[in-house]
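One structure is given here, and the rest of the page talks about it.
Here the structure is a predicted model, which means the values were calculated and not measured. Per chain, numbering begins at 1; letters A, B, ... match sequence-line order. Below, all heavy atoms of this structure are taken into account, side chains as well, without hydrogens, waters or symmetry copies.
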Amino acid sequence: MKEDKYIWADFKNDAENALSYIYNQHIDFLFFYGKKFTTDEDFILDIIQDMFYDLIKYRKTLGETDNIRLYLMKSFRRKLFHGIESKRKLAHLDNVYNHDPDIVFSIEEVMIHEEEQSRRNKYIREGLLALNSKQREVIYYKFTLGYDYDQICEIMAVTYDTARQLVSRGINSLKQFMSENDFILMFIYRRITNK
Amino acid sequence: MTEKKYLGYSVEDLLHDQEFISLVKNLNTPQEWERFLQVHIESKNNMIQAQKMILLFQTNEGVLSDERKHKLWNNISHFNPISAGNYKLIRIKSFARIAATILIIISLGGLVYLQFNRSENQYRFSDSRNDLKTDNPLLVLSNGKTVELKKTESKIEVLKGKDAIQINNDQIVDNQTSNDKTSIEAKFNEVIIPFGKKSKLILEDGTTVWLNAGSRFAFPQKFNRNKREVLLDGEAYFEVAKNVQKPFLISTGDIKIEVLGTKFNVSAYRSDNQSETVLLEGSVNIWDNGKLFKDKILMVPNQKATYSKSGKNIVLEPEKEPGLSIAWVEGWYQFKNENLEKVFLKLEKYYNVRFKYDQKIISGLLPVSGKLDLKDSLDEVMAVLSKVAKFKYQISGNSVIIIK
């Protein structure tokens, strides 16, 4: 992404529209990325605001990047985790922040909304529930966003081996219910490929 | 990429492979996927397994509401790094919350003001459906003229750039608005379809609308510059002509649907306690008309959005057979595992009758599936239906009484 490199440089040099361009390009994504980790939308917006404040404050000294989204994700994720951690310390009664930040996949939301909780649905949910929060996150980057291992390592600040291992474990955990759920998978497949 | 790249790959190998994942995510049609599998026939089974797993995690994200986006941008663009020290920032943030609350109230006021003064459509259906004594569809033009359409299935076409409307290929009515050239707002014509009739409409932009029995539909002779707005009370199937610059906006009493170009069916009778939208192609945004902040919901094909008037919310669910929802366009009413009450509700509209029944009898009967030819008489249709659903009935005048 050559273009990103120049936009970022523009931003660092105080070019007038660079900030608003960056904001508009990434705000929707960042918000929904945040929603993968917490349901508290105001909190997400606070974090995004805080992150942009920092970018403005330190714009002259920011590093270079040729992938702005990745840069923002990394910074946003760090702030978000940090924010969730301090919330948890402050209010341990509030069960919203009782657990690790956890990715919720769209497919799970669809299933929750579906009236009929069929037996097949139950299998698939169990398979997904068997994933731990790190596995979920890595699968989100890998399959939902289609990122490569270099990018994943950068966002999550883990080594290549760790990232690969997380994906492997996730796959194995999911494989167990694959055969039992061919029907539901096919139906999801139809829905998605029909666009 | 060599064609034999994936030879000997296990499912897991494929799932680690960035190129393969991108490929699965970016294929647009099942045909493309089939072709890809043909090239890699040796790894076909593993590829299908891997593809299924990848597709499981795809999402349709919406967008952040404009209000929140603007508010946040306002804060960010006015942020002054020099006056905000590191420690102070935290305190300012908690003040910012209070400031934001005030801001919301003020901007709410502003929004309400905008809503009332620049209301998206000032046109409203009059509540006087009862005083329509006609059995035939009516076209009420924006200049006040009323035309009666004598056919059971009439066709109405807006003639582009001609200030006229053509009816059933043989009649052209002038729709020139009387020397009122100052008005920029689009003026609405209205089609009223009584029970038992239907109509096909072609709008100025080429969009085709099939209107089902018992529906009203308002549309302008010419759309205004940045939007294509229409109003619906009833059921209609839309094939919207594509124009990304000019969104197509449908208002029903309860919901709004925004379209760029697509095919879908809307059933939103004011008298029914819920409305349904089924999407066949393309994508649409749908939201609650009563809400101040538009919480747009993005629909993808083969989904059904149901708005319930009691719950005041929109629920999205998969629709396995979207074709059923538009069978009426061809003169069929097709249903699958439908409860009888819903079937009766539809038949009431097609045949302009009222069903009378004891709730207890009906809820004891099983859901039914079938396909009814709406060109058949009510007698014929009821004979078939009663046989399938195992009930007895009596038709007297405008009423159908279910006896069991």
Side-chain angles (χ1 to χ4, degrees), chain A residues 19-20 23-24 27-33 35-36 41-42 45-46 48-50 52-59 105-107 109-110 113-115 124 128 139-140 142-149 164 167-168 170-172 174-175 178 181-182 185-195, chain B residues 11-12 15-19 21-30 32-33 48-64 68-69 71-73 75-77 79-82 84 86 89-90 93 96-97 100 280-283 300-303 315-320:
Chain A
L19 179 64
S20 93
Y23 178 81
N24 280 309
I27 182 65
D28 285 327
F29 175 82
L30 285 173
F31 180 71
F32 286 98
Y33 177 51
K35 282 197 72 172
K36 297 275 168 227
E41 300 191 348
D42 289 334
L45 293 175
D46 273 0
I48 295 177
Q49 176 174 316
D50 205 29
F52 273 102
Y53 282 2
D54 271 4
L55 291 179
I56 296 166
K57 211 157 54 165
Y58 304 115
R59 81 201 299 163
F105 296 108
S106 300
I107 169 72
E109 283 167 347
V110 171
H113 286 300
E114 259 166 31
E115 270 179 45
I124 212 170
L128 289 169
I139 280 176
Y140 170 71
K142 187 90 186 132
F143 296 160
T144 309
L145 300 181
Y147 285 177
D148 64 28
Y149 280 115
R164 215 184 136 91
V167 171
S168 291
I171 292 170
N172 284 328
L174 288 168
K175 255 192 193 162
M178 284 289 286
N181 274 287
D182 274 4
L185 286 165
M186 279 320 285
F187 135 73
I188 294 155
Y189 159 75
R190 269 222 315 273
R191 261 185 31 171
I192 294 159
T193 47
N194 262 331
K195 69 184 165 191
Chain B
V11 176
E12 190 172 334
L15 287 172
H16 282 297
D17 192 276
Q18 163 70 16
E19 217 171 286
I21 294 171
S22 310
L23 194 128
V24 168
K25 282 170 61 68
N26 295 327
L27 284 178
N28 286 319
T29 63
E32 279 176 37
W33 171 243
I48 290 173
Q49 290 270 315
Q51 183 226 22
K52 277 185 197 163
M53 201 175 294
I54 294 164
L55 290 178
L56 186 60
F57 294 99
Q58 301 313 302
T59 57
N60 297 300
E61 305 286 25
V63 290
L64 184 58
R68 298 176 98 174
K69 216 182 278 185
K71 196 142 47 78
L72 183 59
W73 172 244
N75 289 352
I76 290 170
S77 59
F79 174 68
N80 184 348
I82 297 153
N86 234 342
L89 185 70
I90 301 158
K93 264 183 74 187
R97 256 178 221 279
L280 290 93
E281 267 181 31
S283 69
V300 297
N302 304 333
Q303 277 188 336
V315 177
L316 264 191
E317 56 193 337
E319 172 61 64
K320 287 182 192 122

Fill in: Aromatic plane relationship, A:Tyr53 with B:Phe79 - under 30° parallel, 30 to 60° tilted, over 60° perpendicular
parallel
Discussion item. Once salt bridge (Lys or Arg N to Asp or Glu O under 4.0 Å) is applied, do any residues pair with A:Asp148, and if so which ones, sequence neighbours excluded?
Written reply: none
Discussion item. Given 3.5 Å as the limit, does a donor-acceptor pair link the side chain of A:Gln49 with the main chain of B:Ile76, or not?
Written reply: no
Response to the item:
When rounded to the nearest 0.5 Å, the distance separating CD1 of B:Ile21 from CG of A:Leu145 is 11.0 Å
Item to complete: Would you mind checking which part of A:Tyr147 comes under 4.5 Å of any heavy atom in chain B, side chain (CB onward), backbone (N, CA, C, O), both or neither?
Response: backbone
Discussion item. Quick check on the interface: out of A:Asn172, A:Asn24, A:Leu45, who has the most heavy-atom pairs with chain B under 4.5 Å?
Written reply: A:Leu45
Item to complete: With a 4.5 Å cut-off on heavy-atom pairs, point out which of B:Ile54, B:Val24, B:Asn26 contacts chain A the most.
Response: B:Ile54
Worksheet item: Under a 4.5 Å heavy-atom cut-off, does chain B meet the side chain of A:Arg59, its backbone, both or neither?
Response: neither
Worksheet, complete the sentence: On a heavy-atom basis, the closest approach of B:His16 and A:Val167 is CE1-CG1, 3.6 Å
Practice prompt. Output yes when a side-chain donor or acceptor of A:Tyr23 lies under 3.5 Å from a complementary backbone atom of B:Lys69, and no otherwise.
Written response: yes
Worksheet item: How far apart are the closest heavy atoms of B:Leu64 and A:Ile27, and which atoms are they?
Response: CD2-CG1, 3.8 Å
Discussion item. What's the separation between atom CG in A:Leu30 and atom CG in B:Leu72, rounded to the nearest 0.5 Å?
Written reply: 10.0 Å
Discussion item. Tell me the closest heavy-atom pair linking A:Gly146 and B:Gln18, and the distance in Å.
Written reply: O-NE2, 2.9 Å
Practice prompt. Please list, chain by chain and in numerical order, all residues satisfying salt bridge (Lys or Arg N to Asp or Glu O under 4.0 Å) with B:Arg68, sequence neighbours excluded.
Written response: A:Glu41, A:Asp42
